[in-house]
Amino acid sequence: MDDFDEEDGHHAGGPKPYIDRQEQPTRVGLICPDVRGNLSSHSIEARQAEFEGLAEAIHLDVIFSEVLRVREVRPATYLGGGQVQTIADRVKSDKLDLLLVDAPLTPIQQRNLERETGTKVLDRTALILEIFGERAATREGVLQVELAHLNYQKGRLVRSWTHLERQRGSGGTGFMGGPGETQIESDRRQITDRIVLLEDRLDKVKKTRAQQRAQRTRAAIPVVALVGYTNAGKSSLFNRLTGAGVFAEDLLFATLDTTVRKITLPHGREVMLSDTVGFVADLPHDLVAAFRATLEEVTDADIILHVRDIANPDNLAQGHDVLKVLEELGVSGETTPIVEVWNKIDLLGDQGQALASASPVGRVAAAMPVSAVTGQGVEDLLLLIEKTLGEQSRTYQVHVPHSAGSDIGWLHSHAEVISRDEPTEQGSGFVVRVDPRHKTEFLERFNGRIEGVES
Ligand SMILES: Nc1nc2c(ncn2[C@@H]2O[C@H](COP(=O)(O)OP(=O)(O)OP(=O)(O)O)[C@@H](O)[C@H]2O)c(=O)[nH]1
Ligand SMILES: [Mg+2]
């Protein structure tokens, strides 16, 4: 793939997916604990359906999926004793390879559950990391996932699970059937070393990206970032707007890497549109942190398009989850205009009624119902993007003397030059459009030479 694999003799491609497609599919049981007093805004049905979707995202064979009422979380096993026993029986009778629990399990809970059920147990975070591990394609994605993986793994003693161990062979850093217990201590030291190494490499990746972004900023092309819950339709919309063939599928976390394409808005203005990784409820902190480099497209965006699957009954709670992740990234409706895209309106029975009762989450600049599949509303969305950008930028008339060559250069690289008068002896008059991010510098540089402003 690239040089970094040889560099340190580590395995290629970061955490290896443990599923061997030659072998039989992994038989899993899903447990969705419904904890009393839990303040989740998602309905338990939505959570369960999503958890099944996550398992299917890496093609696990879901043998059963059950909601278990938990009156009180037990520190030792999370679930109640009777429940654990029932599950253990089920593991045997259904010949399960793996149990997935939709909860944040402590390392101790995970170990005890594994011991008492006699099978490998993974929690929600581990499953999400496993999906990301399988999906990561670019060098950056691989680095980020591996870093998140290692940070998660560091605090856990991973029990060897011989069957999986045999399936996946040796040498992976994935924790599905991770290293044997005897190795753990030395592994832990290696993990820490590797974390330092990865962070260093990600820093370099970040610098490259920063340079690329700086070039775009200099070219004054605004960035419009698509964000949203996984499966909301970001990539479908991206493809419709750009004609690009980005992978879009009914699959959670279909997209992992950011893709950027230039598009032209109806009145000729160009913007960079970026498609990004989807968010999900309880996205592991380490993962958000690790993906910061990729998500810098979002933190730097001039406009955020928050894509919501308006036909999903759970979409309001999903919308709030997205705002939470954005907040972790330091982005909100206060810092960046957010336009909500209410996608999948083709799936609504009574569109008028459904949309009348829909409402934006958080502070938004505007909302636009669309269908990425039929194209309905998409043209209006482009106009809305143009208008929102226009509201932010201002048009100025400035006068620049011939001696100030560098100022003319600055205008061409940082602003949009709309027109230039015939030069006179005193210099030239320009009409330029300036984005908010360049406004301060513009006002300082052209102080005293601004002859008119229009918004
Ligand atoms: N009916 C309908 N389906 C849609 C629409 N937009 C997207 N979809 C479907 O929704 C599924 C998810 O679409 P994607 O574009 O992959 O969603 P995404 O937000 O990029 O998902 P991730 O990359 O997994 O975060 C696909 O099966 C799409 O065909 C729409 O407007 N109407
Ligand atoms: Mg996508």
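Every number for a ligand or one of its atoms is a count from 1 in the order of the listing. Scope of the values below: all heavy atoms of this structure, side chains included, with no hydrogens, waters or symmetry mates.
Residue contacts with ligand 1, taken as heavy atom pairs separated by less than 4.0 Å, involve Asn343 solely via side-chain atoms from C-beta onward. Contacts with ligand 1 closer than 4.0 Å are made by heavy atoms of both the backbone and the side chain of Thr230. Only the side chain of Leu347 comes within 4.0 Å of ligand 1, judged by heavy-atom distances.
Distances between N or O atoms of Gly233 and those of ligand 1 include at least one value under 3.5 Å. Annotation: Val277 places no N or O atom under 3.5 Å from an N or O atom of ligand 1; distance criterion only. An N or O contact shorter than 3.5 Å is missing between Leu237 and ligand 1 by distance. Taking only nitrogen or oxygen atoms, main chain and side chain alike, Asn231 reaches within less than 3.5 Å of ligand 1. Geometrically, ligand 1 and Thr276 share no nitrogen or oxygen pair separated by less than 3.5 Å.
Interface atoms of ligand 1 facing Gly278, defined by a heavy-atom separation under 4.0 Å, are 25 (O). Within the listing of ligand 1, atoms 15 (O), 18 (P), 20 (O) sit less than 4.0 angstrom from a heavy atom of Ser235. Taking a cut-off of under 4.0 Å to the non-hydrogen atoms of Val373, the atoms of ligand 1 that pass are 2 (C), 3 (N), 4 (C), 5 (C), 30 (C), 31 (O), 32 (N).
Proximity of a side-chain donor or acceptor of Asn315 to a complementary backbone N or O of Gln318 within less than 3.5 Å is not detected. In this structure, the side chain of Lys234 engages the main chain of Tyr229 through a donor-acceptor pair within 3.5 Å. Using modelled atom types, no side-chain atom of Glu416 and backbone atom of Arg433 make a donor-acceptor pair closer than 3.5 Å. With hydrogens and angles disregarded, a donor-acceptor distance shorter than 3.5 Å links the side chain of Arg27 to the backbone of Lys95.
Between Arg124 and Glu50 there is a salt bridge, with a side-chain nitrogen of the basic residue lying less than 4.0 Å from a carboxylate oxygen of the acidic one. A salt bridge links Arg47 to Asp282: at least one charged side-chain nitrogen sits closer than 4.0 Å to a carboxylate oxygen.
Residue contact check for ligand 1: Gly228 places no non-hydrogen atom closer than 4.0 Å to it.
Note: Thr77 OG1 to Glu114 CD = 13.0 Å, rounded to the nearest 0.5 Å.
The Mg ion (ligand 2) lies at 2.8 Å or more from every N, O or S atom belonging to Thr230.
Remark: Ile108 CD1 is loosely packed, at most 12 non-hydrogen atoms of other residues, nucleotides or ligands lying under 6.0 Å away.
Across the listed options Ser236, Ala372, Ala57, Ser236 owns the non-hydrogen atom lying nearest to atom 15 (O) of ligand 1. Across Asp309, Asp346, Thr374, Val341, heavy-atom proximity to atom 1 (N) of ligand 1 is greatest for Asp346.
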request  = With side chain to side chain contact (heavy atoms under 4.5 Å, CB included) as the test, would you mind laying out the steps for Val307 and Val370 before giving the verdict?
outcome  = CA-CA 10 Å; Val307 182; Val370 307; over 6 Å; no
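Note that Arg90 lies in the cation-pi zone of Phe64, set by a 6.0 Å cut-off to the ring centre and a 45° limit from the axis.
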